[in-house]
Amino acid sequence: MPAQDTPLHFQDARQLARAIRERKIRSRALTLHFLDRIERGGALAAYSVVTAERALAQADAADRLLDAGICLGPLHGVPVAMKDSIQWAGTLATGGSQTRAEVVSAQTAAATQRLTAQGMVILGKTRMTEFAFGLSGQNPTQGTARNPWDASTARAPGGSSSGSGVAVAAGLAPLALGGDTGGSVRAPAALNGVVGYKPSSGLISRAGCLPLSDTLDVLGPITRTVADARLLTQLLAGPDVDDPATLGLPAACVTALRDAQTRKPGAVAVLAPQAWPAPLTDEALQAWHDAQGRLAQAGYTPTAWHPPASLSFARMADDNSVVLAYEAFRYYGALADDPAQPLWDVVRARIAAGGRITQASYEAALRRRHADMANFAQAMRGVDALLMPACDQAAQELDPQDTRHAGLGKLLRPANFLGAAAIALPAGLDADGMPCAVQLLSPAGGDAALLDCAAALESVLSPVANRPDLSAWGL
């Protein structure tokens, strides 16, 4: 095994890939290590399906290829987890819903194909909010992934990519792939103390994934480091004729991911507090100020950025909900209208609400989105990334009505409405020892600059790699 002070399961994906290439560990041994942890950490309920047999076959293939001098990519042989909305032929794809409990995929998503083409090892599918419709991560019908930071209280794991966030935070996978329609990669990353990156719309193909909103759906990585997020995205990005959204993004947006650049402190601005779409709790506000203090000590003093009057972040959060719900109803309205279908009542109500949105309201929101994207890009000229809170509070105890974490969506959804690149970064712990986070936003297509800025800030925002105490979970 690699001679590292950091436990194997908490090393980043690039370290593990290097160890595999240097023959310090074989992919099979690494895969067995994670499969053992997944089994022992079953109480965390991070996975809905563990594809152990397939994973070991992939690991063996990766090892044989390396023995023959063939490396398929920079993450060859590294295990990965993926959200249960990303299809893999021959495996269950429930989308977090009991209405699909017995549905086996007949197709493989483009993202899955690219993971396997890179020689990566898929450990299984991770739990998610039903049909990806919720940010707390709660799923009473299939089981809710447990936030590993508190073994005594069932706190929000963040959703909808809840299991992906838990898997990375608890060392059940070195990295994972989730989806972000209204914050669903950044929320679990923020509440679990890891990195969650939502690429610009169209950067990664969604072909073969279960949809929620054609306009807003995006795939993105949850990782330990910004560098891992950048690398996995680089491997997955590119045009795909089966996803028209990927055909409209300039090729330079993809190729720029290959070359990280050093960004000066002035490249980052901070959203003025009066423009925040939700207030922070006192503890979250203290964590925010502490993070600002660390940035200042490191020479980063971001200037306050005041959006033009037309760019209300609160309004954009609401407009995102209009588009999401309207489009979600077109996919799942018939299920929501059928009382015999085993949907969680909260998700049923959210889907049904989309049926009450008029086409005129929906089309008006889309027109505002088009204008907002242009205005945001114009207003951000001269600034590479915009810093703002990612959560209004750390993870709280889950509530049956699923309203306790509503502020999370208000802070995260504007980036989706803007089609922007956005990334959640750990920013310390609150008084209860629960993770807090900030996020960076860049206009659509500005992914490379965003990731450059995030890489510069991540060690400043979180100088120590905080990890949950997993002893109570049997790990």
Side-chain angles (χ1 to χ4, degrees), residues 2 8-9 11-35 37-38 46-47 49-68 70-91 105 108-126 161 163-164 167-168 171-179 185 194-195 197 199 203-205 207-209 219-225 227-238 240 257:
L8 194 64
H9 43 272
Q11 291 180 30
D12 64 55
R14 292 180 309 136
Q15 286 178 297
L16 296 174
R18 187 180 311 114
I20 291 171
R21 289 193 302 272
E22 294 174 355
R23 307 300 202 276
K24 293 179 179 178
I25 189 171
R26 293 179 72 80
S27 178
R28 182 181 181 88
L30 183 61
T31 300
L32 284 169
H33 179 79
F34 280 105
L35 290 173
R37 287 184 62 80
I38 292 168
Y47 286 79
V49 177
V50 179
T51 53
E53 185 175 345
R54 285 188 176 201
L56 290 172
Q58 288 179 319
D60 287 340
D63 287 333
R64 287 195 301 271
L65 285 169
L66 275 184
D67 290 342
I70 300 170
C71 180
L72 296 179
L75 293 177
H76 182 103
V78 175
V80 62
M82 46 183 210
K83 189 176 183 178
D84 196 14
S85 57
I86 303 169
Q87 296 198 79
W88 191 12
T91 67
S105 294
T108 296
T112 311
Q113 294 175 21
R114 293 187 182 186
L115 292 174
T116 55
Q118 290 289 327
M120 298 187 72
V121 175
I122 300 173
L123 296 168
K125 303 285 201 69
T126 53
S161 309
S164 292
V168 175
L172 307 182
L175 71 179
L177 187 61
V185 161
V194 291
V195 174
Y197 165 46
L203 195 63
I204 298 175
S205 173
C209 296
L219 296 182
I222 295 178
T223 60
R224 304 198 191 292
T225 66
D228 277 359
R230 184 179 195 130
L231 180 55
L232 185 59
T233 302
Q234 179 185 324
L235 302 180
L236 295 174
D240 178 6
L257 293 172

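Throughout, numbering of the chain's residues begins at 1 and tracks the sequence. All values reported here derive from a predicted model rather than from experimental measurement. Values below: all heavy atoms of this structure, side chains included; hydrogens, waters and symmetry mates excluded.
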* Should Asp228 and Thr223 be marked as a side-chain hydrogen bond (donor to acceptor under 3.5 Å, both in side chains) after you check the CA-CA gap, both sets of side-chain angles, and the distance that decides it? -> CA-CA 6 Å; Asp228 277 359; Thr223 60; 5.5 Å; no

* So, Ser164 and Thr126: side-chain donor and acceptor under 3.5 Å apart, yes or no? -> yes

* **Sidechain N-carboxylate O distance under 4.0 Å for Arg26, Asp60** => no

With a 4.5 Å cut-off on side-chain heavy atoms, are [Y] and [X] touching?
X      : Y      : answer
Leu115 : Met82  : yes
Val78  : Val121 : no
Arg224 : Leu175 : no
Phe34  : His9   : yes
Leu235 : Pro74  : yes
Trp88  : Arg54  : yes
Leu56  : Arg28  : yes
Pro221 : Val185 : no

Polar side-chain atom of [X] near backbone of [Y] as donor-acceptor pair, under 3.5 Å:
X      : Y      : result
Gln15  : Asp12  : yes
Thr108 : Ala89  : yes
Thr31  : Ser27  : yes
Gln87  : Gly208 : yes
Arg14  : Ala227 : no
Gln118 : His76  : no

On a heavy-atom basis, which atom in [X] and which in [Y] lie closest, and how many Å separate them?
X      : Y      : value
Ala176 : Leu232 : O-CD2, 4.3 Å
Tyr47  : Leu123 : OH-CD1, 3.6 Å
Arg114 : Leu236 : NH1-O, 2.6 Å
Leu219 : Cys209 : CD1-SG, 3.8 Å
Ala111 : Leu177 : CB-CD2, 3.8 Å
Arg37  : Leu172 : O-CD2, 3.5 Å

* Going through the checks in order, is the side-chain hydrogen bond (donor to acceptor under 3.5 Å, both in side chains) test met by Ser161 and Lys83? -> CA-CA 6 Å; Ser161 309; Lys83 189 176 183 178; 3.2 Å; yes

* **Other residues, nucleotides, ligands: >12 heavy atoms within 6.0 Å of Glu53 CD** => no

